[in-house]
Amino acid sequence: MTSELERLLSQITSESARGVARLAPLQRSPPGLPAVFTGVEALDDALRGIYDDDSGGSSSGDAPLLELLGLPGSGKTQVLYHVCTTIALPRSTNGYESHVLFIDIDGKASPRMLAQHMRDRVVRAAAMPASEIEQAITQALRRVHFFAPSSTQSLIATLAMLPKYVHDKGIAAGALLIDGLGANYWVDRKEAAHIRLRSRRATPFFRLQQLLVDTLQLAHQRLGCLAVAASL
């Protein structure tokens, strides 16, 4: 138990969230880099370094798996919108023109809000007629694939089938974004509350959470793309 916990903790790195506060007044990036800085160093490094090839997908096998932590209303979902916008928009508007797998666990993600983020970015990035702006946004939204699992079990099943999903669609995933990780925590605890065993590893709740972590890591490895999870 102790060695397994230490192994998991050794894979976690922390990044100050102070930079997220700088997200609202978006900075213009130097030429050739993404059109937005999130203020989170690890995430900005990923956006700069992983998607700089011509394929629009990951250019190495070192695509990071990042977790965003913060109080409700601190802007975690907005960060995901900005990352999604950067990945999905056409290259002519400083995007990567790649596909995004967006998992909305708590039902708060808004395609309308995402479209507004895209519109704001396109207007700033290039002088285009209104018809071309709407066409660019429509094409970008078609590259965003939304999933809405209603339980931890369905989240695990969704993560497990994602590699097959992108294969069957004939697409390359540019990013895996998860919003609301941990939204079903109390439901999972309640369902397992009637069982009390001496070994925590043997409880249904612990096994379920471990299966979720393992499945997420495996899906991230097989997809080979940037993964960002915003936790409650």
Side-chain angles (χ1 to χ4, degrees), residues 32-36 43 46-66 77 79-105 107 109-115 117-119 121-122 125-126 128 131-150 153-181 211-230:
L33 295 182
V36 61
L43 187 51
L47 291 175
R48 290 171 186 151
I50 295 178
Y51 299 94
D52 56 0
D53 64 333
D54 292 334
S55 66
S58 175
S59 60
S60 74
D62 299 324
L65 169 59
L66 307 175
T77 300
V79 172
L80 294 184
Y81 285 159
H82 283 292
V83 175
C84 184
T85 296
T86 300
I87 302 299
L89 278 179
R91 292 180 177 272
S92 60
T93 59
N94 291 336
Y96 292 116
E97 206 167 321
S98 189
H99 292 263
V100 178
L101 308 175
F102 198 118
I103 300 180
D104 176 25
I105 300 175
S110 169
R112 187 181 300 273
M113 183 66 70
L114 176 60
H117 276 267
M118 292 180 174
R119 184 171 291 104
R121 181 79 65 82
V122 171
M128 302 170 61
S131 59
E132 292 185 16
I133 291 176
E134 294 306 315
Q135 182 180 9
I137 294 171
T138 299
Q139 292 174 350
L141 287 174
R142 287 174 178 169
R143 286 189 283 269
V144 181
H145 308 255
F146 280 97
F147 303 86
S150 59
Q153 289 88 344
S154 60
L155 171 58
I156 293 171
T158 299
L159 289 169
M161 68 85 178
L162 285 181
K164 184 178 186 302
Y165 175 85
V166 299
H167 178 269
D168 292 347
K169 290 283 186 180
I171 61 176
L176 168 61
L177 306 179
I178 303 175
D179 194 24
L181 191 64
L211 180 59
L212 173 58
V213 172
D214 292 342
T215 307
L216 174 56
Q217 289 180 328
L218 183 59
H220 170 243
Q221 179 182 357
R222 290 180 174 176
L223 291 170
C225 65
L226 168 69
V228 185

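- Between A136 and L89, the shortest heavy-atom distance links the atoms O-CD2, 4.4 Å.
- Rounded to the nearest 0.5 angstrom, L159 CG and L216 CG are separated by 5.5 Å.
- The closest donor-acceptor contact from the side chain of Y81 to the backbone of S110 lies under 3.5 Å.
- For M161, the CE atom is densely surrounded, since the number of other residues' heavy atoms within 6.0 Å is greater than 12.
- Going from atom CG of L65 over to atom SG of C225 covers 10.0 Å, rounded to the nearest 0.5 Å.
- To the nearest 0.5 Å, atoms CE (M118) and SG (C84) are separated by 5.0 Å.
- The side-chain contact (heavy atoms from CB on, under 4.5 Å) check on Q135 picks up Q139, with sequence neighbours excluded.
- From I103, atom CD1 reaches atom CG of L181 across 9.5 Å, with rounding to the nearest 0.5 Å.
- Screening L114, L101, I87 against V144 for a side chain to side chain contact (heavy atoms under 4.5 Å, CB included) leaves a single residue, L114.
- No donor-acceptor pair closer than 3.5 Å links the side chain of H99 to the backbone N or O of R142.
- Judged as a side chain to side chain donor-acceptor pair (under 3.5 Å), and not counting sequence neighbours, Q221 has no contacts.
- Under the rule for a side chain to side chain donor-acceptor pair (under 3.5 Å), the partners of S154 that lie at least two apart in sequence or sit in another chain are S151.
- Closest approach of R222 to P163, counting heavy atoms only: CB-CG, 3.9 Å.
- R119 is linked by a salt bridge (charged side-chain N to carboxylate O under 4.0 Å, His left out) to E134, counting only residues two or more places apart in sequence or in another chain.
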* With side chain to side chain contact (heavy atoms under 4.5 Å, CB included) as the test, would you mind laying out the steps for I105 and I178 before giving the verdict? => CA-CA 7 Å; I105 300 175; I178 303 175; 3.6 Å; yes
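- H117 meets the side chain to side chain donor-acceptor pair (under 3.5 Å) test with Q78; sequence neighbours excluded.
- The two atoms that bring A227 and H220 nearest to each other are CB-CD2, 3.6 Å, heavy atoms only.
- Interatomic distance, H82 NE2 to L177 CG, rounded to the nearest 0.5 Å: 13.0 Å.
- Going from atom CD1 of I133 over to atom OG1 of T93 covers 10.0 Å, rounded to the nearest 0.5 Å.
- Classified by interplanar angle (parallel below 30°, tilted 30° to 60°, perpendicular above 60°), the ring pair Y165/H145 is perpendicular.
- Among the candidates T86, T85, N94, the single residue satisfying the side chain to side chain donor-acceptor pair (under 3.5 Å) test with R121 is T86.
- Every pair passing salt bridge (Lys or Arg N to Asp or Glu O under 4.0 Å) that includes a residue from residues 155-181 is listed here, sequence neighbours excluded: K164-D168.
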